[in-house]
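Throughout, protein chains are lettered first and strands after them, A, B, ... in sequence-line order, and every chain is numbered starting at 1.
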Protein chains: 2
Amino acid sequence: MHAKGYLDLMRRHGLRVTPQRRIILQLLEERRGHPDATAIHRLAQERDPRISLATVYRTMKVLEDLGAIQRHLFEGGPARFENADTDHHDHLIDIDTGKVIEFSSSRIEKLQEEIADRLGYEIVHHRLELYGRKKRQE
Amino acid sequence: MHAKGYLDLMRRHGLRVTPQRRIILQLLEERRGHPDATAIHRLAQERDPRISLATVYRTMKVLEDLGAIQRHLFEGGPARFENADTDHHDHLIDIDTGKVIEFSSSRIEKLQEEIADRLGYEIVHHRLELYGRKKRQE
DNA sequence: CTCACTGCAAACCTTTTGCAATAGA
DNA sequence: TCTATTGCAAAAGGTTTGCAGTGAG
């Protein structure tokens, strides 16, 4: 999903495309990391100083409701956002730098399903986060 | 670890055993669930109305630092606390009731290690939470 | 021309903290 | 006695919201 896709998505839902939203969407496009609201706000303000933090939060909420982004609450920090157009994956967070590495394991997913099933539950969603530190030498 | 154990632990570290702490520790003993600070506070006040929420938080912080309890930040709610004297386990949260079910899987643990290793990381700790809904009929 | 969207500031919610008073050891 | 601990109220930190003004469609 590229910039056009985001905008189309919003238009399709009868939402207005304002300059603020245009800038925020563009930023999320260009920097596909796991920024928090403050980081997005800072970058957005470089392009238009009028953009408020409230608008950033409101825009992220809209995108989240549309299923276009995901909100992650990693340990001890503000919410971080990520494009939702990639396949499902989990996260390894570098506890020294805050850097996020994505990974996925169908074997783990399968085991999770089995466990939930055994307990009589259907998984609606899950959260697997590894907090680690870079090894010295491989 | 029973009540005596908690108290001893605090004494061993030169901490004072106040009536407030005594009550909170006793509560954690009796109700080994995953209560949040407000729940602990409410129960504690039934036994001594003078106990403040601040003291609950401070006591939990002390216990956490001593390694006697663990703090969990499940989705969309306040921190919840759990005795740390059981073996490692993960959690399945019932999204309808908030109930927490514990489980553990050495196979998942092993796969996590392998993944982190492959990415050049050592896991310091992790978080695996399944959010699910009870199945109708087994 | 409408009403969705915005900026601003205030409100919210959970958690922490400064301070003066209290009370374990 | 001495200072760790407490209650209270205020502060902190991230996120949301009420409101009146603005501007996209």
Hey, are [X] and [Y] close enough for a salt bridge, meaning a charged N less than 4.0 Å from a carboxylate O?
| X | Y | answer |
| --- | --- | --- |
| Asp117(A) | Lys135(B) | yes |
| Lys110(B) | Glu114(B) | yes |
| Arg71(A) | Glu64(A) | yes |
| Arg47(B) | Glu30(B) | yes |
| Asp96(A) | Lys134(A) | no |

Under 3.5 Å, is there a donor on one side chain and an acceptor on the other for [X] and [Y]?
| X | Y | value |
| --- | --- | --- |
| Arg127(A) | Tyr131(B) | yes |
| His34(A) | Gln70(A) | no |
| His88(A) | His126(A) | yes |
| Tyr6(B) | Asp85(B) | no |

Looking only at the side chain of [X] (C-beta and beyond, no hydrogens), which of the listed nucleotides [options] gets closest?
| X | options | result |
| --- | --- | --- |
| Leu53(A) | dT15(D), dT5(D), dC5(C) | dT15(D) |
| Ala37(A) | dT15(D), dT15(C), dT6(D) | dT15(D) |
| Arg71(A) | dG7(D), dT15(D), dA25(C) | dT15(D) |

Would you kindly give the [atom1]-to-[atom2] distance between [X] and [N], to the nearest whole Å?
| X | N | atom1 | atom2 | answer |
| --- | --- | --- | --- | --- |
| Asp65(B) | dA4(D) | CG | C1' | 15 Å |
| Asp48(A) | dC5(C) | CG | C1' | 14 Å |
| Leu7(B) | dA25(C) | CG | P | 10 Å |
| Phe81(B) | dT14(C) | CZ | P | 12 Å |
| Ile40(A) | dG14(D) | CD1 | P | 14 Å |
| Ile24(B) | dG7(D) | CD1 | P | 8 Å |
| Gln20(A) | dT22(D) | CD | P | 14 Å |
| Arg21(A) | dG7(C) | CZ | P | 11 Å |

Earlier contact from the 5' end, DNA chain C, for Ile51(A) and Leu73(B): Ile51(A)
5′-ward residue of the pair Arg50(A)/Leu15(B) relative to DNA chain C: Arg50(A)
His72(B) vs Glu129(B), side chain to side chain donor-acceptor pair (under 3.5 Å): CA-CA, chis, key distance, verdict: CA-CA 10 Å; His72(B) 299 292; Glu129(B) 293 157 13; 5.5 Å; no
Inter-axis angle, terminal five-pair segments of the helix from dC1(C)-dG25(D) to dA25(C)-dT1(D) [nearest 10°]: 30°
Touch class at under 4.0 angstrom, heavy-atom based, for Pro19(A) against every strand present: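 Pro19(A): backbone/sugar contact only, no base atoms under 4.0 Å.
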Side-chain-base donor-acceptor pair under 3.5 Å for Arg16(B) and dT3(D): yes
Phosphate OP1/OP2 of dT6(D) contacted by Thr18(B) side-chain N/O (<4.0 Å): yes
Sorted by number, the residues of residues 55-64 of chain A with heavy-atom contact under 4.0 Å to DNA chain D: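 Listed by number, they are Tyr57(A), Arg58(A).
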